[in-house]
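Below: one structure, written as structure tokens.
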Amino acid sequence: MGIYTILMPDVGEGIAEAELAEILIPIGGVLREDDVFAAVMTDKATVEIPSAVSGKVVWYAGTEGDTIAIGAPLVKIEVDGPGNEGEIAADDIPESSEPVEEAEIALEPSPAPPVPVAPPPSAKPVAATLRAEGEKPLASPAVRRRALDAGVDLRRVAGSGPAGRITHQDFDHFIASGGTVPAQTGPAPDTSVKEVKIIGLRRKIAERMAEAKRHIPHITIVEEVDVSSLEQLRGSLNAERGDKPKLTILPFLMRAMVTALREQPSLNARYDDEAGIVHEYGAAHIGIATQTPGGLMVPVVRHCEARTIWDMAGELSRLAQAAREGTATREELTGSTISITSLGKLGAIATTPIINRPELAIVGVNKMQTRPLWNGSEFVPRQVMNLSSSFDHRIIDGWDAAVFVQRLKTLLETPAMIFVEG
């Protein structure tokens with residue numbers, strides 16, 4: 001028997017380390033050659049790591065969420081034969097590495113529960129809340145003074161007040177019962193704490209959101225849009241679409257953004273703040289924030305300026321499905337020049353979207369609702385929604401942001417203009 005060590009592979013040019021995102025074969029598990037035993041994640045992609053040998057996993061360089069250097073030992077596998085331990089230099093293992101190995105955990109027997117002592121017949125039972133061991137008791141200064149004078153440890157006294165607070169009645173009952181803890185008569189407070197390690201895609205999302213808020217001074221504009229005419233048009237087109245994809249409001253918004261960006265190309269851009277350069281794009285590559293089982297992803301509909309409404313609807317559907325299934329490629333998830341975020345029917349009245357750095361703008365779609373609007377002579381029911389749009393205030397002035405939002409409003413309220421070229 002021998003040990004075969006697999007090193008963290010080079011998963012991309014210029015990448016020095018990768019996160020151990022998922023362990024598929026745990027320690028003690030048996031795998032065969034070419035079986036995928038783990039997945040690692042970088043800023044650019046998630047990569048599955050196959051085994052070069054068959055055997056039993058006996059060691060990992062860390063747990064899920066740990067970062068491991070490229071070229072460092074990743075896993076050790078017990079194999080039939082000599083293995084490759086002699087080929088791996090000892091100094092290949094980083095000093096910071098904390099390997100996870102099989103271990104036996106001795107379970108200490110739980111102490112027997114205390115036997116409650118029945119209170120005297122004259123004592124009235126009090127609805128009390130017992131505290132978890134080590135939890136600090138809650139009590140007023142007066143109750144604490146009484147306990148100090150009586151030499152009573154308040155940790156032994158159950159409280160019936162809010163959040164288990166010890167009242168004078170609780171203290172009196174404790175003394176009357178001979179210093180025993182009254183039986184629990186109501187539900188105990190839940191003092192459990194669950195630790196959830198932030199790893200994989202969720203950690204990348206957290207890092208990107210923090211970077212965006214730290215680097216970008218946001219300005220957010222919220223504007224009300226009457227989409228009654230647009231909804232009527234959308235309903236008519238969907239009724240006669242045949243085998244074409246179903247139209248949501250997003251393709252119309254994307255088409256309106258293409259028109260508005262032609263008039264304000266400075267918003268269709270990415271800002272390299274380290275180099276101090278803004279790259280303005282002729283192509284409109286619109287990112288669509290999409291919720292997936294693993295977290296938020298932003299697939300990109302490329303060259304919207306050259307697509308029809310139906311074409312954009314089909315591409316939107318395809319990319320959203322690929323993102324949710326985890327099959328979207330790196331090219332499909334990068335390179336956007338401006339983004340849209342929408343919570344659909346769950347959307348609020350207004351939101352404050354965070355810009356997808358290094359872009360300069362993001363348009364947020366809020367929920368649609370029917371409201372009475374004044375048409376000059378009477379109130380009539382209209383379908384209304386708000387657009388919440390955020391801009392990088394380092395590059396985009398408030399005036400330019402407002403002009404862009406008003407242009408979108410005009411186009412969406414008069415949808416025929418969306419299809420007028422020039």
Output yes when Arg203 and Glu19 qualify as a salt bridge under the 4.0 Å nitrogen-oxygen rule, no when they do not.
-> yes
N/O donor-acceptor pair under 3.5 Å between Ser54 side chain and Glu33 backbone | yes
Please answer whether the main-chain N or O of Glu378 pairs with a side-chain N or O of Asn375 as donor and acceptor at a distance below 3.5 Å. yes
Which word best sums up how the rings of Phe391 and Phe404 line up, parallel for under 30°, tilted for 30 to 60°, or perpendicular for over 60°?
-> perpendicular
The complete set of side chain to side chain donor-acceptor pair (under 3.5 Å) pairs with one or both residues in residues 289-304, sequence neighbours excluded, reads His303-Glu305
| Within a radius of less than 6.0 Å around CH2 of Trp399, do more than 12 heavy atoms belonging to other residues, nucleotides or ligands occur? | no
Check: In terms of side-chain heavy atoms, does Ser336 have a donor or acceptor partner in Glu359 at a distance below 3.5 Å?
Finding: yes
Result for side chain to side chain contact (heavy atoms under 4.5 Å, CB included) between Met254 and one of Ile286, Ile309, Ile338, Ile249 points to Ile286
- [ ] For atom CD of Glu413, decide whether the heavy atoms of other residues, nucleotides or ligands shown that lie under 6.0 angstrom number more than 12.
- [x] yes
_Using side chain to side chain contact (heavy atoms under 4.5 Å, CB included), reason through Tyr281 and His279 one step at a time and then give a plain yes or no._
CA-CA 6 Å; Tyr281 293 83; His279 299 276; 3.9 Å; yes
Flag yes if more than 12 heavy atoms outside Ile349 fall under 6.0 Å of its CD1 atom; otherwise flag no. no
In this structure, are over 12 heavy atoms from other groups packed under 6.0 Å from Gln232 atom CD? no
**Study point:** Short N-O contact, Lys409 and Asp226, less than 4.0 angstrom
**Key:** no
Using a strict cut-off of less than 4.0 Å between a Lys/Arg side-chain nitrogen and an Asp/Glu carboxylate oxygen, indicate whether Arg270 and Asp392 qualify as a salt bridge.
no
| Donor-acceptor contact below 3.5 Å, side chain Ser317 vs main chain Ala313 | no
Check this for me: does any side-chain nitrogen of one of Glu332 and Arg318 sit under 4.0 Å from a carboxylate oxygen of the other? yes
Quick one: does Leu253's side chain get under 4.5 Å of Ile340's, heavy atoms only?
yes
- Under a 4.5 Å cut-off applied to non-hydrogen side-chain atoms, are Arg407 and Glu263 in contact? yes
By side chain to side chain donor-acceptor pair (under 3.5 Å), Lys244 pairs with (sequence neighbours left out) none
